[in-house]
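Residue numbers start at 1 and run along the sequence shown. Values below: every heavy atom of this structure, side chains too, minus hydrogens, waters and symmetry copies. Owing to the predicted nature of the structure, the values given are computational and were not obtained by experimental measurement.
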Amino acid sequence: MNARTAERRATDAPSTMRADGCTPVDVVVLDLSRSGVRIMTDATLDIGQEITIGLAGAGVTRAFVTWSRDGEYGCAFERPIAPEDEALAFSQAPVKQLGITSPAPSNDGEDYLRELYRRHRIWAVPWDAVLMTLAMLVMIWAFFRL
């Protein structure tokens with residue numbers, strides 16, 4: 001007997017997933033229903049493990065791994081998603097996978113730098129602080145050498 005109550009829709013769409021608050025991982029959402037998703041990933045997930053998964057156009061949703069087979073995982077949503085969210089999911093522009101390089105610079109270099117900084121802000125802010133500290137030390141050293 002089939003326990004599924006929601007109709008599934010094939011998507012084969014790239015997405016991102018987080019497991020246990022770790023860093024995002026690229027996944028492919030193979031199909032989607034109001035009650036869950038079937039994903040494919042290289043990550044190792046455990047039955048019962050909580051994940052969050054991005055549904056392009058519909059937001060991020062919490063789910064729990066219910067089964068696994070050869071790199072595919074069935075995940076049940078914590079709460080069924082609304083019918084309008086299911087319809088919007090993966091219906092617009094695809095999600096950019098993490099492994100894809102930064103976009104080519106546009107005509108406006110400022111947009112490119114803003115996007116580059118947004119993607120790398122986790123390490124950029126501390127690195128800026130280190131560089132500023134070094135610059136201040138060089139200026140203090142130069143001042144006392146006069």
Side-chain angles (χ1 to χ4, degrees), residues 1-140:
M1 182 172 162
N2 191 347
R4 287 190 190 95
T5 57
E7 187 175 321
R8 292 183 290 166
R9 173 174 53 104
T11 58
D12 287 327
S15 187
T16 54
M17 170 205 69
R18 287 182 190 254
D20 300 327
C22 296
T23 57
V25 175
D26 287 331
V27 298
V28 174
V29 175
L30 300 172
D31 60 45
L32 166 77
S33 72
R34 288 196 57 218
S35 60
V37 292
R38 181 170 56 110
I39 62 174
M40 181 172 49
T41 180
D42 292 333
T44 302
L45 303 174
D46 297 320
I47 304 298
Q49 185 173 5
E50 180 181 333
I51 65 167
T52 55
I53 186 141
L55 305 174
V60 175
T61 303
R62 281 180 44 171
F64 297 91
V65 178
T66 57
W67 61 265
S68 68
R69 182 179 4 162
D70 300 326
E72 289 185 15
Y73 297 90
C75 304
F77 294 139
E78 179 180 46
R79 286 184 286 272
I81 60 175
E84 56 272 11
D85 287 338
E86 180 191 7
L88 284 173
F90 305 108
S91 64
Q92 299 173 0
V95 173
K96 186 177 287 184
Q97 289 185 287
L98 297 173
I100 297 176
T101 59
S102 299
S106 64
N107 291 339
D108 184 5
E110 188 173 313
D111 287 342
Y112 173 71
L113 290 176
R114 187 172 294 129
E115 176 65 15
L116 187 65
Y117 185 78
R118 185 189 67 76
R119 289 173 179 247
H120 301 288
R121 68 183 173 270
I122 291 172
W123 62 265
V125 172
W127 183 244
D128 288 347
V130 168
L131 290 176
M132 184 58 78
T133 302
L134 288 174
M136 293 299 292
L137 289 173
V138 168
M139 288 176 36
I140 291 170

Atom pair [atom1] ([X]) and [atom2] ([Y]), whose distance is rounded to the nearest 0.5 Å:
{"X": "Arg9", "Y": "Leu30", "atom1": "CZ", "atom2": "CG", "result": "13.0 Å"}
{"X": "Glu7", "Y": "Ser35", "atom1": "CD", "atom2": "OG", "result": "11.5 Å"}
{"X": "Gln49", "Y": "Phe64", "atom1": "CD", "atom2": "CZ", "result": "10.5 Å"}
{"X": "Tyr73", "Y": "Ile51", "atom1": "OH", "atom2": "CD1", "result": "10.5 Å"}

What heavy-atom pair brings [X] and [Y] nearest, and what distance separates the two atoms?
{"X": "Ile39", "Y": "Cys75", "answer": "CD1-SG, 4.1 Å"}
{"X": "Trp67", "Y": "Glu72", "answer": "CZ3-O, 3.9 Å"}
{"X": "Leu32", "Y": "Thr11", "answer": "CB-CG2, 4.1 Å"}
{"X": "Arg34", "Y": "Ala82", "answer": "NE-C, 4.0 Å"}
{"X": "Met17", "Y": "Leu45", "answer": "SD-CD1, 3.8 Å"}

Counting only heavy atoms from other residues, nucleotides and ligands, does the tally under 6.0 Å from CG of Asp12 exceed 12?
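Yes, the 6.0 Å shell around CG holds more than 12 heavy atoms from other groups.
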Tell me if a side-chain donor or acceptor on Ser15 pairs with a main-chain N or O of Val27 at a distance below 3.5 Å.
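Not confirmed, Ser15 side chain does not pair with Val27 backbone.
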Hey, mind stepping through Ile81 and Leu55 against side chain to side chain contact (heavy atoms under 4.5 Å, CB included) and telling me if it holds?
CA-CA 11 Å; Ile81 60 175; Leu55 305 174; 4.3 Å; yes
Only one of Val25, Thr16, Val29, Val60 clears side-chain contact (heavy atoms from CB on, under 4.5 Å) with Ile53; which?
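Only one option passes, and that is Val29.
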Partners meeting side-chain contact (heavy atoms from CB on, under 4.5 Å) with Asp31 (sequence neighbours left out)
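With neighbours one apart ignored, the set is Arg8, Arg38.
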